[in-house]
Amino acid sequence: IAGITQAPTSQILAAGRRMTLRCTQDMRHNAMYWYRQDLGLGLRLIHYSNTAGTTGKGEVPDGYSVSRANTDDFPLTLASAVPSQTSVYFCASTRTSGSGSGELFFGEGSRLTVL
Amino acid sequence: AQSVTQLDSQVPVFEEAPVELRCNYSSSVSVYLFWYVQYPNQGLQLLLKYLSGSTLVKGINGFEAEFNKSQTSFHLRKPSVHISDTAEYFCAVRRSGAGSYQLTFGKGTKLSVIP
């Protein structure tokens, strides 16, 4: 089934540990995004990538890094996790070439708890 | 930059009653507007979108929204809600045209349908 796969779906992590959230899409979308969702705050953009090989910072990038080595994969890394990074993380993608609105397609989310 | 304000964080409504979820946006340039729905423990899926043309937009599951440029609003409506409409709804905006596909989301409105 075409779409976005995120892993893990849920993780409990000790503060100070390194963690990578994985995101893979098979729709050949060139743009990908990472959002975090927190109660009462909606979704906030962490990092984005308009095309393979490029990345950019969103609204809340501190403490996170991303890479985009190819079209399909867009991992998000927490180098040293802190409790404030407890959140639900969503990966999304969109096609930016040709016609269309740039509608975002979302993964199912990764729930991360940092203790 | 664009911003979105969802005026109600929670909206309870009885089954088969009409509902309106309010969304106002701010932007110095022309925009595209979106409504997404999130069911419990799932990712977001697109309900409807306004790109151009008719200001009344129809989406899935009987929802519709009206773009009002003078009032900078994009309210979501449904004439008769079902229990299955219980979910969180997010309004989102991005600048129109090509080049920037990042969505800015509102903080969400939780719709609770009461039997």
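Letters A, B, ... are given to chains in the order of the sequence lines, protein chains preceding strands, and every chain is numbered from 1. This structure is a prediction, so every number in the text was calculated from the model and none was measured.
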List the atom pairs, donor and acceptor, that lie under 3.5 Å between side-chain atoms in residues 53-63 of chain A and the rest of the protein, sequence neighbours left out.
unit_1: A:Thr54; atom_1: OG1; unit_2: A:Thr51; atom_2: N; d: 3.4
unit_1: A:Thr54; atom_1: OG1; unit_2: A:Thr51; atom_2: O; d: 3.0

Handout entry: B:Ile60 atom CD1: more than 12 heavy-atom contacts under 6.0 Å
Key = yes
Handout entry: Linked hydrophobic residues, B:Leu7 as query - side chain contacts closer than 4.5 Å
Key = none
Problem - Among B:Leu103, B:Leu51, B:Leu46, side-chain contact (heavy atoms from CB on, under 4.5 Å) partner for A:Glu103 - result: B:Leu46
Problem - Whether B:Tyr101 side chain and A:Leu104 backbone form a donor-acceptor pair below 3.5 Å - result: no
Exercise for the section: Would you mind checking which part of B:Glu88 comes under 4.5 Å of any heavy atom in chain A, side chain (CB onward), backbone (N, CA, C, O), both or neither? Expected result: side chain
Practice task
Please state whether the side chain, the backbone, both or neither of B:Gln45 comes within less than 4.5 Å of a heavy atom of chain A.
Solution key: neither
Exercise for the section: Using the rule that two of Ile, Leu, Val, Met, Phe, Trp, Tyr join whenever any of their side-chain heavy atoms come within less than 4.5 Å, decide whether B:Phe90 and B:Leu76 are in one cluster. Expected result: no
Problem - Same apolar cluster (I L V M F W Y, side chains within < 4.5 Å links), B:Leu21/A:Leu41 - result: no
Exercise for the section: Please check if atom CZ in B:Arg77 has more than 12 non-hydrogen atoms from other residues, nucleotides or ligands closer than 6.0 Å. Expected result: yes
Handout entry: Residue A:Leu45 versus chain B: region with a heavy atom under 4.5 Å
Key = side chain
Exercise for the section: Inspect the surroundings of CG in A:Asn70 and state if more than 12 heavy atoms from other residues, nucleotides or ligands are less than 6.0 Å away. Expected result: yes
Problem - B:Phe34 with B:Val37, same ILVMFWY side-chain cluster at under 4.5 Å - result: no
Using atom types as modelled, flag every donor-acceptor pair under 3.5 Å from a side chain in residues 105-115 of chain A to any protein atom, sequence neighbours excluded.
unit_1: A:Ser110; atom_1: OG; unit_2: A:Gln6; atom_2: NE2; d: 3.3
unit_1: A:Ser110; atom_1: OG; unit_2: A:Pro8; atom_2: O; d: 2.7

Handout entry: Point-to-point distance, once rounded to the nearest 0.5 Å, from CD of B:Gln102 to OH of A:Tyr35
Key = 6.5 Å
Exercise for the section: Name, in order of residue number, those residues of residues 104-115 of chain B that have a heavy atom at a distance of less than 4.5 Å from a heavy atom in chain A; otherwise write 'none'. Expected result: B:Phe105, B:Gly106, B:Lys107, B:Lys110
